[in-house]
S.K.: 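Quick one: structure below, then a few questions.
Note that the coordinates shown come from a computational prediction; the quantities given were computed from them, not determined experimentally. Just so it is clear: chains get the letters A, B, ... in the order the sequence lines come, proteins before strands, and each one is counted from 1.
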Number of protein chains: 2
Amino acid sequence: MAKRGPYEKGEAKRKEILQAALEIFAAEGYRGTSLRKVAARCNISLPGLMHYFDSKEDLLTQVLRMRDETARVRQEQRPTGPDVYREIIREGRATPGLVELFVSLAAAASDTEHPAHEYFAERYPRLREQVAAWLRGRTEAGQLRSGIPPERLATLLIALVDGIQLQWLIDRSVDMEQPIADVMALLAPGDAER
Amino acid sequence: MAKRGPYEKGEAKRKEILQAALEIFAAEGYRGTSLRKVAARCNISLPGLMHYFDSKEDLLTQVLRMRDETARVRQEQRPTGPDVYREIIREGRATPGLVELFVSLAAAASDTEHPAHEYFAERYPRLREQVAAWLRGRTEAGQLRSGIPPERLATLLIALVDGIQLQWLIDRSVDMEQPIADVMALLAPGDAER
DNA sequence: GTCTATACATGGATAGAC
DNA sequence: GTCTATCCATGTATAGAC
């Protein structure tokens with residue numbers, strides 16, 4: 001076992017590229033950001049960069065995966081962070097370029113052949129599962145009216161978060177938390193006062 | 001006045017191009033559809049096409065405008081079509097390529113300099129206004145609990161429609177009408193049975 | 001495995017003739 | 001108003017050095 005873990009340097013470089021790409025896209029947005037620019041930031045040539053990724057869309061997809069992973073780790077440290085959606089929104093507000101990237105890729109990934117399709121096809125059900133579990137917990141704690149099945153509510157809440165981000169991308173004065181707060185208020189048990 | 005209206009032929013050609021672009025994008029999606037292909041469909045060269053539009057994004061924006069206009073005209077014929085959102089969803093389901101185009105452009109248009117920015121910056125407030133007006137009508141008719149101001153509910157419903165389309169783009173088995181129906185149910189007056 | 005240099009294909013855009 | 005010709009940027013593919 002004298003041999004060190006394989007791909008040691010490569011793995012580091014790969015991460016460096018992903019990080020650089022994330023920063024550039026976060027700063028300058030999806031449009032007008034070329035791979036050559038990312039490569040230059042990493043002091044590497046274009047083909048050097050392409051050694052680590054199959055295509056541009058592959059790189060982009062992995063950027064999103066990396067971001068998810070970061071969020072997941074942070075989530076674990078503070079176990080059962082209740083308001084998952086708030087976390088998503090807060091992070092989105094800090095990095096509009098990544099929100100743009102997310103939305104653009106999601107749209108493009110409607111094509112089954114797109115490299116990011118699998119990512120989204122896995123991500124949404126997983127997210128729904130998580131949110132639904134959280135909702136079930138609240139229901140059992142009597143903090144939620146339970147007329148609508150949690151899975152359906154989860155679908156609804158996720159759509160709400162994605163959709164409000166779209167409006168926010170156009171007009172940054174839009175309050176992204178309000179609609180979710182409104183729905184949660186509608187779901188509150190003692191809601192007859194309205 | 002022997003002179004015919006100016007740009008007579010040009011206006012027709014412009015519309016033809018827009019129509020062709022709409023069809024191609026609706027069929028093949030946003031990705032991998034070049035302007036040259038659109039030009040070819042119109043028996044014209046690329047620069048010939050560019051004579052009518054400042055840029056690709058300009059053309060794309062006008063495609064969306066045209067689609068809005070078509071919807072608006074149809075809406076007027078059947079006055080106060082109540083379930084506006086249903087109409088949007090139905091149309092979306094028939095033309096996934098245009099949904100993709102819409103979402104992609106909306107994301108890209110977050111940049112204030114983007115040709116489509118103005119379109120979306122105008123569209124969302126107008127839509128909110130329309131939906132809010134419809135909601136006010138329902139509230140006065142006693143068909144709606146009125147705890148949340150109509151403008152906020154409008155923002156919420158629009159976000160819901162946009163967001164659920166995103167999930168649907170990835171997984172076509174997602175029911176786009178369910179979440180809206182669920183929210184409307186939550187808003188129904190006699191909702192204590194849950 | 002890691003990376004450079006080079007070449008290529010495609011797509012949007014522009015100049016200028018007709 | 002439309003074309004030919006051309007340009008430039010970008011993603012991609014290949015050859016090969018270390």
S.K.: Quick one: A:K9 NZ to C:dC3 P, roughly how many Å, whole number?
M.R.: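 Atom-to-atom, A:K9 to C:dC3, this comes out as 5 Å.
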
S.K.: Round to the nearest Å and state the distance from B:D54 atom CG to C:dT14 atom C1'.
M.R.: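 So the CG-C1' distance, B:D54 to C:dT14, works out to 13 Å.
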
S.K.: Both A:N43 and A:R36 contact DNA chain C. Which one's nearest nucleotide lies toward the 5' end?
M.R.: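 Looking at the nearest nucleotide for each, A:N43 comes out on the 5' side.
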
S.K.: Please check the phosphate of D:dG1 (OP1 and OP2 only) for any side-chain N or O of B:H51 closer than 4.0 Å.
M.R.: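 B:H51 to D:dG1 OP1/OP2: side-chain N or O found under 4.0 Å.
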
S.K.: Hey, does the side chain of A:S34 come within less than 4.0 Å of D:dA9's phosphate (OP1/OP2), counting only N and O?
M.R.: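 For D:dA9, neither OP1 nor OP2 has a side-chain N or O of A:S34 closer than 4.0 Å.
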
S.K.: Can a donor-acceptor pair be found between the side chains of B:D182 and B:Q178 at a distance below 3.5 Å?
M.R.: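 Side-chain D/A pair, B:D182 to B:Q178: present.
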
S.K.: Check every atom of D:dT4, D:dG1, C:dA13 against the side chain of B:M50 and return the nucleotide holding the closest atom.
M.R.: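 So the nucleotide nearest the side chain must be C:dA13.
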
S.K.: What integer distance in Å separates B:L59:CG from C:dG11:C1'?
M.R.: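 In whole Å, C:dG11 C1' lies 14 Å from B:L59 CG.
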
S.K.: Return the minimal non-hydrogen interatomic distance between A:A116 and A:T61, and the atom names on each side.
M.R.: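 Heavy-atom minimum between the residues: CB-OG1, 3.4 Å.
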
S.K.: Ignoring hydrogens and angles, tell me if any N or O in the side chain of A:S55 forms a donor-acceptor pair with the backbone of A:D58 under 3.5 Å.
M.R.: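 Answer holds: yes.
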
S.K.: Taking any heavy-atom pair under 4.0 Å as a contact, classify B:L46: base, sugar-phosphate, or nothing.
M.R.: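 B:L46: base contact, heavy atoms under 4.0 Å.
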
S.K.: Looking only at the side chain of B:I44 (C-beta and beyond, no hydrogens), which of the listed nucleotides D:dT2, C:dC3, C:dT4 gets closest?
M.R.: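 Of the options given, the side chain of B:I44 lies nearest D:dT2.
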
S.K.: Any idea which of D:dT2, C:dT14, C:dT2 is nearest the A:Y52 side chain?
M.R.: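 Within the option list, the nearest is C:dT2.
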
S.K.: Take the protein atom NZ of B:K15 and the nucleotide atom C1' of D:dG1, then report the distance between them rounded to whole Å.
M.R.: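 Those two atoms, NZ and C1', are 18 Å apart.
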
S.K.: Measure the distance from NZ on A:K13 to C1' on C:dG1 and round it to the nearest whole Å.
M.R.: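 Checked: the NZ to C1' distance equals 14 Å.
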
S.K.: With the side chain of A:P47 defined as its heavy atoms from C-beta on, choose the nearest nucleotide among D:dG1, D:dT14, D:dT4.
M.R.: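 Looking only at side-chain atoms, A:P47 lies closest to D:dT14.
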
S.K.: Can any side-chain N or O of A:S110 pair as donor or acceptor with the backbone N or O of A:A107 at less than 3.5 Å?
M.R.: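 Answer holds: yes.
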
S.K.: Rounded to the Å, how far apart are A:E57 CD and D:dT12 C1'?
M.R.: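 In whole Å, D:dT12 C1' and A:E57 CD are 12 Å from each other.
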
S.K.: What I'd like to find out is whether the side chain of B:V174 reaches to under 4.5 Å of the side chain of A:Y124, using heavy atoms alone.
M.R.: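 No, every pair of side-chain atoms sits at 4.5 Å or beyond.
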
S.K.: How many whole angstroms separate atom CG of A:D58 from atom P of D:dA13?
M.R.: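 My rounded result for the distance is 12 Å.
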
S.K.: Determine: side-chain N/O of B:K37 to OP1/OP2 of C:dG11, distance under 4.0 Å, yes or no.
M.R.: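 So the side-chain polar atoms of B:K37 never come under 4.0 Å of the phosphate oxygens OP1 or OP2 of C:dG11.
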
S.K.: Report the distance from atom CG of A:L60 to atom C1' of D:dG11, rounded to the nearest whole Å.
M.R.: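 Distance check: A:L60 CG to D:dG11 C1' gives 12 Å.
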
